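Note sheet for the following structure.
Throughout, residue positions are numbered sequentially from 1 according to the sequence presented. All values below were derived from every heavy atom in this structure, side-chain atoms included, with hydrogens, water molecules and symmetry-related copies excluded. A quick note: this is a predicted structure, and the numbers were derived from the prediction, not measured.
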Amino acid sequence: MRRWCPTASRLVRVTLRLFDTATREVRDFRPLREGEVSVYVCGLTVQSEPHVGHVRSGVNFDVLRRWLEVRGYAVSFIRNVTDIDDKILAKAAAAGRPWYAHAQLMHRQLTAAYASLNVEPPTYEPAATGHVPEMLELIEELIGRGHAYAAEDGSGDVYFDVRSWPAYGELTRQGIDDMEAAADADPRGKRDPRDFALWKGHKEGEPLTASWPSPWGRGRPGWHIECSAMAGKYLGDAFDIHGGGFDLRFPHHENEQAQSRAAGRGFASYWMHNAWITTAGEKMSKSLGNTLSIPVILEEFRGIDLRYYLVAAHYRSHVEFSFEALAEAAAGFARVEGFLERAAATGSLDLPAGLLDVLPDAFVAAMDDDLGTSTAVGVLHDAVREGNKALAAGDAAVARVHGVAVRAMLAVLGLDPADEAWPTPSADAGLTAAVDVLVAGLLEERAAARAAKDFAAADAIRDRIKAAGIEVTDTPDGATWTIA
């Protein structure tokens, strides 16, 4: 199939393939509507300040969106916020503030964290509390179809009847009898322990403001019904891609799919899930106490360094977080920036309107292969090495060709240092960049001397660098330097 790509100056064959969690295979991507892609990503429950494990999903699906747009699609990208939940009520009470004030404070911190990593705002960011009428309509529809029921214990709870939907469990390939009981409400009002809450009746001791009127009494929505209602409102009964963290597959996404399809909606054509970030082998979570908040990390590293660290791993690969690994990633990205500085000194590195015109074929192939960012980053560094060779040989024109390609690849990954989303470098950063340019030139001379087996000249250059208080470390990817 050929598609005209409005952001490119040529016809391209769209060969994008994505891993679909539902089928557990990499599938050709074919949107429901020609030239358009609809994406719904489960955002966060704004109970606490965001940590690096939270923002990985935001970064990963931001890369998906950018690549779809480079490929010429018009993307409708919806990412929700859950701003009413048992945990929010508990955290707010512990903090001594109203639940809605707590949720709003955490939402602002989340927005700031996304911005610090250059995650583009979604097309729309619906909040659960703003869509209670849509949820009530969906619940009543499910009751009318025989897939939901109001508890008979007077609690005001309403449950989805999992045994009424034979396909329940198909997303995660589980049988109902093998599942654990749903722990989202008191089981006394359930027909089956696996039935999950669509509506939760107001309980004594909970703030009255955390409830809404309903046909079953005052209460608030269950977690799963939120996303079905909001996805349907903004993307329609059927849409292309549903994304979120790996831990959301069950019960959240399983329940979303069941209740939506039981209501006669096609829901998502493709399911995509990013893997966890772990620390000491365990999933990063609030309950484990091993969280690393974004503001804390940004005290030591730039946002662009953290984004590069997250992007360099494939979205379905688990990442074992450490500051040592982040420091190595930052050093690697500094080499990319150093090359761009040197290449830009020879002339303009402006990008064309159509990035596909200047992206290396290997990079395009990697991104089309289930967003293979780890391979794509390898192509990026190959271009940097070739560009450095061209600079060392005095071939400015070739160096600029590589420089434009590097900038284009970085733009796709949301890492272009020239993007206005990134802060203007400080004077110290500018000085570091200048020193990097000078040291890189000496290292190129040293590499040439070693290649010519003129080891005396190579050692002399190293001594000159060391005398300036700079330590050089030789790595498989080339020499790096630090202030001694």
With a 6.0 Å cut-off on ring centres, are His273 and His253 close enough?
-> yes

Sidechain-backbone polar pair: Arg163 side chain, Asp192 backbone, donor-acceptor under 3.5 Å | no

Side-chain donor/acceptor of Asp369 to backbone N/O of Arg17, under 3.5 Å | no

Go through the steps for Leu410 and Phe333 under the test side-chain contact (heavy atoms from CB on, under 4.5 Å), then give the verdict.
-> CA-CA 11 Å; Leu410 292 174; Phe333 191 72; 3.8 Å; yes

Relative to Tyr114, does Arg79 satisfy both conditions: NZ or CZ under 6.0 angstrom from the six-membered ring centre, and within 45 degrees of the ring's axis?
-> yes

Is Arg407 salt-bridged to Asp419, cutoff N-O under 4.0 Å?
-> no

Electrostatic pair Asp62-Arg307, nearest N-O below 4.0 angstrom | yes

Distance only, no hydrogens: is a donor on one side chain within 3.5 Å (strictly under) of an acceptor on the other, for Gln174 and Thr172?
-> yes

Verify the neighbour count for atom OH of Tyr100: are there more than 12 heavy atoms of other residues, nucleotides or ligands below 6.0 Å?
-> no

Worked check of ring pair (Phe, Tyr, Trp, His ring centres under 6.0 Å) between Phe321 and Tyr309 = CA-CA 10 Å; Phe321 181 87; Tyr309 174 65; 5.7 Å; yes

Kindly say whether Gly43 contributes a backbone atom to a donor-acceptor pair with the side chain of Asn80 at under 3.5 angstrom?
-> yes

Taking atom types as modelled and ignoring hydrogens, do the side chains of Ser260 and Ser228 form a donor-acceptor contact shorter than 3.5 angstrom?
-> yes

Measure up the Phe239 and Tyr40 rings against each other and bin them: parallel (under 30°), tilted (30 to 60°), perpendicular (over 60°).
-> tilted

Does a salt bridge link Arg30 with Asp28, judged by any charged N lying under 4.0 Å from a carboxylate O?
-> yes

Let me know which of Arg191, Arg194, Arg145 forms a salt bridge (Lys or Arg N to Asp or Glu O under 4.0 Å) with Asp161.
-> Arg191

Kindly say whether Phe19 contributes a backbone atom to a donor-acceptor pair with the side chain of Arg24 at under 3.5 angstrom?
-> no

Ignoring hydrogens and geometry, is there a side-chain-to-backbone donor-acceptor pair from Asp20 to Glu25 under 3.5 Å?
-> no

Can you tell me how far CG of Leu138 sits from CG of Leu198, rounded to the nearest 0.5 angstrom?
-> 7.5 Å

Applying salt bridge (charged side-chain N to carboxylate O under 4.0 Å, His left out), run through Arg261 and Glu170 and close with a yes or a no.
-> CA-CA 12 Å; Arg261 293 188 174 172; Glu170 64 181 345; 3.5 Å; yes

Would you call Arg316 and Asp370 a salt bridge, using N to O less than 4.0 angstrom?
-> yes

Test item: Arg71 and Leu356 side chains (from C-beta on) under 4.5 Å apart, heavy atoms = yes

Assert yes or no for the condition that the ring centre distance of His131 to Tyr234 is strictly below 6.0 Å.
-> yes

CZ of Arg33 to OG of Ser38: how many Å apart, nearest 0.5 Å?
-> 5.0 Å

Between CG on residue Leu298 and OG on residue Ser293, distance to nearest 0.5 Å | 8.5 Å

Calculate, to the nearest 0.5 Å, the distance between atoms OG1 and OH belonging to Thr373 and Tyr308 respectively.
-> 10.5 Å

Heavy-atom side-chain contact between Ile297 and Leu326 under 4.5 Å = yes

Using a 4.5 Å cut-off on heavy atoms from C-beta on, say whether the side chain of Phe61 contacts that of Met272.
-> yes

Short question: side chain of His54, backbone of His51 - any donor-acceptor pair under 3.5 Å?
-> yes

May I ask you to establish whether Arg249 and Phe246 are in a cation-pi arrangement, using a distance under 6.0 Å from NZ or CZ to the six-membered ring centre and at most 45° from the ring axis?
-> yes

Name the one of Glu256, Gln257, His252, Gln259 that satisfies side chain to side chain donor-acceptor pair (under 3.5 Å) with His224?
-> His252

Taking the six-membered ring for Trp, are the ring centroids of Phe29 and Tyr270 within less than 6.0 Å of each other?
-> yes

Distance only, no hydrogens: is a donor on one side chain within 3.5 Å (strictly under) of an acceptor on the other, for Asp85 and Thr45?
-> no

Verdict with reasoning, Ser317 to Ser374, per side-chain contact (heavy atoms from CB on, under 4.5 Å) | CA-CA 10 Å; Ser317 298; Ser374 53; over 6 Å; no

Does Asp305 reach the main-chain N or O of Phe301 with its side chain, forming a donor-acceptor pair under 3.5 Å?
-> no

OH of Tyr124 to CG of Leu235: how many Å apart, nearest 0.5 Å?
-> 12.5 Å

For the pair Lys200 and Asp86, find out whether any cationic side-chain nitrogen is under 4.0 Å from an anionic carboxylate oxygen.
-> yes

Any idea how Trp165 and His147 line up, ring-wise: parallel (<30°), tilted (30 to 60°), or perpendicular (>60°)?
-> perpendicular

Taking atom CG of Leu380 and atom CG of Leu415, what is their separation to the nearest 0.5 Å?
-> 8.5 Å

Check whether any side-chain N or O of Ser214 sits under 3.5 Å from a backbone N or O of Trp216 as a donor-acceptor pair, and report yes or no.
-> yes

Counting N and O atoms only, with roles assigned by atom type, does the side chain of Ser211 sit under 3.5 Å from a partner on the main chain of Leu208, one being a donor and the other an acceptor?
-> yes

Carboxylate-amine/guanidinium proximity below 4.0 Å for Arg220 and Glu206 = yes

Above 12 or not: heavy atoms from other molecules or residues under 6.0 Å from NZ of Lys203?
-> yes

Is a side-chain donor or acceptor of Glu254 paired with a backbone partner of Leu171 at a separation under 3.5 angstrom?
-> yes

